[in-house]
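Let me begin by presenting the structure, written as structure tokens, before commenting on it.
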Amino acid sequence: MLRTRGQRYSEVLGIDVSDGETEIFKWFVASLLFGAPIYEATAIRTYECFEKHGVLTPEKMLKTGWNGLVSILDEGGYARYDYKTADKIMMVMKSLIAEYSGKLGFIHDKASDSHDLEKR
């Protein structure tokens, strides 16, 4: 990425991961989108749709609901993986809120070691 574009994905998306929990969560959302076998441009466009709609917290994602997530995913061009990705996002957000009060940093805090962190 650095060789072809001259910047990291986080920079392309305007995410400063050194700026706390909110920005780290944005990067987490982007990583979920980049995790599907899709074009990078589609993942970037879809992330921008989440940003445009202000759906970049665990609570807002759950409040948006499955249908709303599918709509945002489709708007970004994620149509082929929209249902599966919406399912995954809903599952992850429910777990993040229930087990870690919606804070990614708490996952790290509760992990006993690197293996436990990876498992969580």
Side-chain angles (χ1 to χ4, degrees):
M1 179 70 178
L2 286 173
R3 276 185 242 140
T4 59
R5 289 195 180 228
Q7 54 189 161
R8 294 177 170 87
Y9 283 123
S10 59
E11 293 169 332
V12 169
L13 297 172
I15 299 170
D16 180 0
V17 294
S18 68
D19 197 22
E21 180 73 28
T22 301
E23 294 295 297
I24 292 170
F25 184 78
K26 289 177 181 180
W27 180 242
F28 180 67
V29 171
S31 71
L32 291 173
L33 298 173
F34 281 110
I38 60 165
Y39 292 111
E40 74 177 27
T42 302
I44 291 168
R45 187 172 51 250
T46 304
Y47 173 82
E48 290 169 344
C49 291
F50 275 94
E51 190 171 50
K52 177 179 89 175
H53 292 285
V55 182
L56 287 173
T57 68
E59 296 80 11
K60 286 183 181 176
M61 290 195 159
L62 288 180
K63 186 176 180 182
T64 299
W66 187 86
N67 288 327
L69 293 174
V70 168
S71 178
I72 293 170
L73 290 162
D74 288 348
E75 181 181 339
Y78 223 85
R80 186 170 175 198
Y81 296 97
D82 56 353
Y83 291 1
K84 181 179 178 180
T85 304
D87 287 343
K88 183 176 185 175
I89 289 172
M90 292 296 289
M91 179 193 69
V92 168
M93 295 309 132
K94 286 176 185 176
S95 177
L96 184 60
I97 289 171
E99 296 178 39
Y100 305 103
S101 302
K103 306 288 184 203
L104 291 169
F106 287 176
I107 297 172
H108 184 269
D109 294 345
K110 289 187 177 188
S112 58
D113 57 31
S114 60
H115 295 291
D116 187 35
L117 179 62
E118 184 177 336
K119 181 178 135 192
R120 290 172 183 268

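Quick note: numbers below take in every heavy atom, side chains included, and nothing from hydrogens, waters or symmetry partners. The first residue of the sequence shown is numbered 1, and numbering continues consecutively from there.
- Here the closest non-hydrogen pair linking Ala30 and Leu13 is CB-CD1, 3.6 Å.
- In this structure Phe28 satisfies the ring pair (Phe, Tyr, Trp, His ring centres under 6.0 Å) test with no other residue, sequence neighbours excluded.
- A distance of 8.5 Å separates CD1 of Ile24 from OG of Ser18, quoted to the nearest 0.5 Å.
- The closest side-chain heavy-atom distance from Ser31 to Tyr9 is not below 4.5 Å.
- Taking every heavy atom of both residues into account, Ser10 and Trp27 meet most closely at N-CZ3, 3.6 Å.
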For the pair Phe50 and Leu33, evaluate side chain to side chain contact (heavy atoms under 4.5 Å, CB included) and give the outcome as yes or no after the intermediate values.
CA-CA 11 Å; Phe50 275 94; Leu33 298 173; 4.2 Å; yes
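- The side-chain heavy atoms of Glu23 and Ile15, taken from C-beta on, include a pair separated by under 4.5 Å.
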Working note: Phe34 + Tyr47, criterion side chain to side chain contact (heavy atoms under 4.5 Å, CB included); need CA distance, chi angles, decisive distance, verdict.
CA-CA 9 Å; Phe34 281 110; Tyr47 173 82; over 6 Å; no
Contacts under 3.5 angstrom, residues 54-67 side chains, donor-acceptor by atom type, not counting sequence neighbours:
from	atom 1	to	atom 2	distance (Å)
Thr57	OG1	Lys60	N	3.0
Thr64	OG1	Lys60	O	2.7
Trp66	NE1	Asp87	OD1	2.8

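- Salt-bridge formation is not detected for the pair Arg45/Glu75: no Lys NZ or Arg NE/NH1/NH2 atom is positioned less than 4.0 Å from an Asp or Glu carboxylate oxygen.
- To the nearest 0.5 angstrom, Asp116 atom CG is 11.0 Å from Lys110 atom NZ.
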Taking only distance into account, with no hydrogens and no angle test, what donor-acceptor pairs under 3.5 Å do side-chain atoms of residues 90-106 form with protein atoms, sequence neighbours excluded?
from	atom 1	to	atom 2	distance (Å)
Ser95	OG	Glu99	OE2	3.1
Tyr100	OH	Arg120	NH1	3.0

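- Residues Leu32 and Ile89 have side chains in contact (heavy-atom distance under 4.5 Å, counting atoms from C-beta outward).
- Residues Ile72 and Tyr78 form no side-chain contact, since every pair of their non-hydrogen atoms from C-beta on lies 4.5 Å or further apart.
- For the pair Thr46 (side chain) and Thr42 (backbone), a donor-acceptor distance under 3.5 Å is present.
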